[in-house]
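Okay, so here's the structure we're looking at.
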Amino acid sequence: MHNAKFLCRSELYQEKHPVRFSFLQVSKGSGETDEEVRKIKERRLESSIEQLLSKKDCDAQDDSEKADDIPQLTPEQKDLREFLRSSFEVMVLIGRQNFPFSCNAREDEMRSEEEERLLTTGNFQALIENRINAGDEFLRRRFEAAAVNEEYCPAVQQRQLLEVCERCVREEILQQVRECRFFSIITGELVKLPEGEHLPIFLRFVDQANSLREEFIEFLSFEGEEVTVAERLETQLTKGWGLSMEHCRGQAHAGSGILGTKMKVIAAQLKEKYPMAVITPTSTCALNVHLANGMPLTGVQDVMSILKKTNSFFKASPLLQSELDNAISILCQGNIEKENILKEDSRSTWTDLHNVFEMAVDLMEPLLLCMDSIHDNEDLKWNDQITSDAYAIAEALADFEFIVTLVILKNALSFTRAFGKNLQGETIDVFFAANSLTAVLHSLHEVSDNLEVYHEFWFEEAVSLATAMEIPVKVPRLFLRKQQAVETMEIHAESFFKEYVTLPVMEYIMQEVKDVFSENHLKALKCLSLVPAVMGHMRFNTSEETHADIYRSDLPHPDTLPAELHCWRIKWKHRGKEVSLPCTIHKTLQHSDVKFFPNVNAFLKILATLPVLKLDGNHGETAQRRLQAYLTDTAVNQRCKNLAVLNINYHIKTDLEEMVQCYLKTYPEESESN
């Protein structure tokens with residue numbers, strides 16, 4: 001039996017390693033001399049070498065036959081591919097550096113020779129010329145016989161190149177989204193483009209490297225009714241980008257006033273069709289700002305608009321900020337601490353803070369004093385535009401309706417301020433926020449049940465502030481004019497603002513908080529106890545199983561989830577003293593052992609896609625900031641949807657060869673014509 005096994009193994013070895021086996025077989029027999037053995041080895045070595053050479057010849061012949069099967073490119077086709085490759089390289093440069101296709105020189109000045117050339121040829125043509133002048137031999141040979149004013153690439157073809165370039169960059173992102181399956185949708189404020197108003201679309205997902213990503217995808221036309229826009233968005237996501245809405249786990253939409261109202265309808269329609277696409281606030285917007293932006297009340301939207309204009313006014317010049325600092329110093333004499341706080345906070349974008357309304361109330365007197373001083377312009381140091389803007393803002397601030405609405409917002413939203421701040425905090429803060437919502441709603445209901453009493457206090461505060469600013473207490477003029485046509489009964493300011501501001505504000509806050517923090521949303525946030533640091537804070541006495549059913553169908557092995565969660569807790573509870581507990585989803589996913597817990601791994605990746613959770617890891621700047629930078633740097637008439645995708649996604653790798661293939665596949669007539 002032992003010999004049989006040995007023979008079988010020998011045959012297998014001989015089959016795999018014929019050369020080695022031949023040497024093993026050569027041994028000195030009883031009738032063979034050392035010289036004979038040496039000659040046998042040499043003959044077998046020569047034979048083995050011949051076999052190897054013969055095999056290489058056969059492989060080379062096979063490769064040659066395969067190469068013959070690939071259609072050979074003609075010199076014209078090779079020339080076209082090389083030109084396309086160079087063109088795409090220029091196009092990527094234009095997009096990433098945010099060069100417009102044409103240069104709009106100012107008409108009131110003399111144009112330089114370079115500006116004139118750019119106006120007539122465009123930046124694409126100019127950059128191709130630069131490559132030729134820099135020594136690009138291929139482009140020089142291709143266009144050496146061209147006329148002086150001949151276009152190297154017609155405008156139609158430039159547009160085709162740009163569209164293909166944009167498509168390839170977007171596809172690179174979408175491919176990663178498809179690989180990870182689950183994602184969330186985020187939309188921003190409407191953007192003005194030459195084609196009209198468009199909605200910026202972002203996708204949030206966890207990539208194959210377990211890094212949380214938020215990428216800009218495209219501008220979507222906002223033309224039409226809410227239902228039309230919702231259908232357009234869904235069609236683009238599914239048919240246009242090849243994603244499944246069944247894998248969408250969250251949606252967050254920015255917008256104030258009319259846009260905010262429309263986006264609520266769009267979000268509700270998507271959620272009705274896809275219940276797992278929960279509605280959340282964005283991680284980049286304070287909850288109180290989000291709530292105020294969405295209120296469909298004219299007075300509230302006026303307050304938000306005026307606060308933004310005021311904040312932007314002082315960002316225009318350090319001298320203006322210095323003027324505000326002087327006003328703060330005058331009105332805060334004797335209170336150094338309050339003076340320093342107001343000066344420091346006013347230098348930030350305070351309209352984005354959780355305590356924006358508290359700050360605005362504290363700044364009201366200094367702001368009005370500062371605006372009046374700038375408008376008076378006694379030292380003649382401000383230009384007409386600045387004094388005009390200051391007068392307009394002062395008129396808005398000195399209106400009692402503005403003051404009382406601001407004070408009501410400050411007090412009504414004070415009950416959600418700490419809750420909202422925790423939502424933008426660390427993972428453990430978000431976990432405790434999710435578990436504190438019941439208390440928040442209880443406080444809001446208590447105010448609503450005793451609205452008469454609360455409104456009386458709030459109105460007195462507004463009257464006191466208005467008196468200090470010498471602003472008369474009165475009912476809005478527009479309302480009085482409307483009422484005179486109906487009845488002559490006197491309207492009291494306190495009862496008016498209770499009915500038309502305080503009551504609808506409280507009703508909206510309560511309903512919006514319930515809608516945004518739905519049952520599924522809260523269940524998901526409570527599962528943040530899967531993060532080891534949260535688990536440790538709770539002394540490993542957590543119950544994820546109670547809430548984990550929300551994503552059970554998304555898990556690879558749902559049947560083993562309870563046992564896996566138990567093992568996950570035990571692993572971190574009995575860790576070594578030198579092992580620290582990961583405190584975020586990102587750090588947990590980067591841990592080497594997470595791959596041994598497939599359900600936990602999948603669960604954390606889905607949780608990370610929720611837009612309410614802040615980006616962590618190495619994502620210091622988000623796609624939304626890059627979009628804002630693009631809009632700030634680019635005039636409306638120079639904005640281009642295609643170039644914007646390249647500029648905002650400058651970090652996405654580009655494959656020029658893939659772009660060439662995509663172009664030839666999309667426009668086969670180009671290849672045939674060459």
Is the shortest side-chain N to carboxylate O distance from R170 to E218 below 4.0 Å? yes
Side-chain contact test, heavy atoms from C-beta onward, threshold under 4.5 Å: evaluate it for E163 versus T666 and give yes or no. no
Does Q176 reach the main-chain N or O of E172 with its side chain, forming a donor-acceptor pair under 3.5 Å? yes
Evaluate side chain to side chain contact (heavy atoms under 4.5 Å, CB included) for E512 paired with H290, printing each intermediate quantity in order. CA-CA 10 Å; E512 182 67 7; H290 170 82; 3.8 Å; yes
Would you check if F202 and T282 make a side-chain contact, meaning some heavy-atom pair closer than 4.5 Å? no
Any donor-acceptor pair under 3.5 Å from H521 side chain to V516 backbone: yes
Taking side chain as C-beta onward, heavy atoms only, is L367 less than 4.5 Å from F313? no
Assess, by modelled atom type and distance only, whether the side chains of Q251 and Y274 contain a donor and an acceptor separated by less than 3.5 Å. no
Interatomic distance, CG@L190 vs CG@L259, rounded to 0.5 Å, equals 4.5 Å
Shortest non-hydrogen contact from L406 toward V303: CD1-CG1, 4.1 Å
Check step by step if salt bridge (charged side-chain N to carboxylate O under 4.0 Å, His left out) holds for E214 and R626. CA-CA 11 Å; E214 189 176 296; R626 295 195 296 270; over 6 Å; no
Given side chains that start at C-beta, do those of F183 and E215 come closer than 4.5 Å, heavy atoms only? no
Please examine the side chains of F517 and L287, heavy atoms only from C-beta on, and report whether any two atoms are closer than 4.5 Å. yes
Does a side-chain N-to-carboxylate-O contact under 4.0 Å join K410 and E358? no
So, the side chain of N288 versus the backbone of L413: is there a donor-acceptor pair under 3.5 Å, distance only? yes
Nearest heavy-atom pair of L613 and S283: which atoms, and what distance? O-CB, 3.4 Å
Just verifying a value: how many Å separate L409 CG and L307 CG, rounded to the nearest 0.5 Å? 9.0 Å
For atom NZ of K641, decide whether the heavy atoms of other residues, nucleotides or ligands shown that lie under 6.0 angstrom number more than 12. yes
Mind checking whether Y663 and Y667 have parallel, tilted or perpendicular rings, split at 30° and 60°? tilted
Check this for me: E195, atom CD, are more than 12 non-hydrogen atoms of other residues, nucleotides or ligands nearer than 6.0 Å? yes
Just by distance, do the side chain of R639 and the backbone of Y630 share a donor-acceptor pair under 3.5 Å? no
Does the pair R167/E171 count as a salt bridge with the N-to-O cut at 4.0 Å? no
Under the 3.5 angstrom rule, does the side chain of S86 hit a backbone N or O of E82 as a donor-acceptor pair? yes
Test item: I279 and D515 side chains (from C-beta on) under 4.5 Å apart, heavy atoms: no
Residue pair R249, V278: steps toward the side chain to side chain contact (heavy atoms under 4.5 Å, CB included) verdict: CA-CA 6 Å; R249 290 294 168 266; V278 297; over 6 Å; no
F205 and C180: which non-hydrogen atoms are nearest, and at how many Å? CB-SG, 3.6 Å
Using a 3.5 Å distance criterion without hydrogens, assess whether the side chain of T405 forms a donor-acceptor pair with backbone atoms of E401. yes
Give a yes or no answer on whether the side chain of N377 reaches the backbone of W382 with a donor-acceptor pair at less than 3.5 Å. yes
CD of E344: more than 12 outside heavy atoms within 6.0 angstrom? no
Taking the side chain as everything from C-beta on, heavy atoms only, tell me whether V300 gets closer than 4.5 Å to Y508. no
Test item: R347 side-chain N/O and K343 main-chain N/O as donor-acceptor pair under 3.5 Å: yes
A side-chain contact here means heavy atoms from C-beta on lying under 4.5 Å apart; do H651 and N649 qualify? yes
Roughly how far, to the nearest 0.5 Å, is CD of Q321 from CG of L324? 5.0 Å
Mutual orientation of the aromatic rings belonging to H375 and Y391 [parallel < 30°, tilted 30-60°, perpendicular > 60°]: tilted
Considering non-hydrogen atoms only, spot the tightest contact between P366 and I328 and give its length. CB-CG1, 3.8 Å
Other residues, nucleotides and ligands only: do more than 12 of their heavy atoms fall within 6.0 Å of CD on E179? yes
Would you say the side-chain atoms of T310 pair up with the backbone N or O of I306, donor to acceptor, closer than 3.5 Å? yes
Distance (rounded to the nearest 0.5 Å) between I266 CD1 and F222 CZ: 4.5 Å
Do you see a donor-acceptor pair shorter than 3.5 Å between the side chains of R625 and Q628? no
CA sep, side-chain torsions, deciding dist, call: N133, E129, side chain to side chain donor-acceptor pair (under 3.5 Å): CA-CA 6 Å; N133 295 334; E129 288 180 6; 5.5 Å; no
Is there a side chain to side chain contact (heavy atoms under 4.5 Å, CB included) between F124 and L161 once you walk through the steps? CA-CA 11 Å; F124 184 88; L161 289 168; 4.1 Å; yes
Looking only at heavy atoms, which two atoms of I201 and I185 are closest? And how far apart? CG2-CG2, 4.4 Å
Looking only at non-hydrogen atoms, find the nearest pair between A267 and H253 and report the distance. CB-CD2, 3.5 Å
Report the C-alpha distance between L139 and F83 in whole Å, list the side-chain angles of each, state the deciding distance to 0.1 Å, and finish with yes or no for side chain to side chain contact (heavy atoms under 4.5 Å, CB included). CA-CA 7 Å; L139 291 176; F83 172 66; 4.0 Å; yes
Under a 4.0 Å N-O cut-off, is there an ion pair linking K309 with D389? no
Just checking D633: does its CG atom have more than 12 heavy atoms from other residues, nucleotides or ligands closer to it than 6.0 angstrom? yes
Taking atom NZ of K192 as the centre, report whether more than 12 heavy atoms of other residues, nucleotides or ligands fall under 6.0 Å from it. no
Does the S305 side chain pair with the main chain of Q301, one donor and one acceptor, at a distance under 3.5 Å? no
In Å, rounded to the nearest 0.5 Å, how long is the span from CG of L203 to CD1 of I217? 4.0 Å
Mind checking the CE-NE2 spacing from M359 to H354? Nearest 0.5 Å is all I need. 14.0 Å
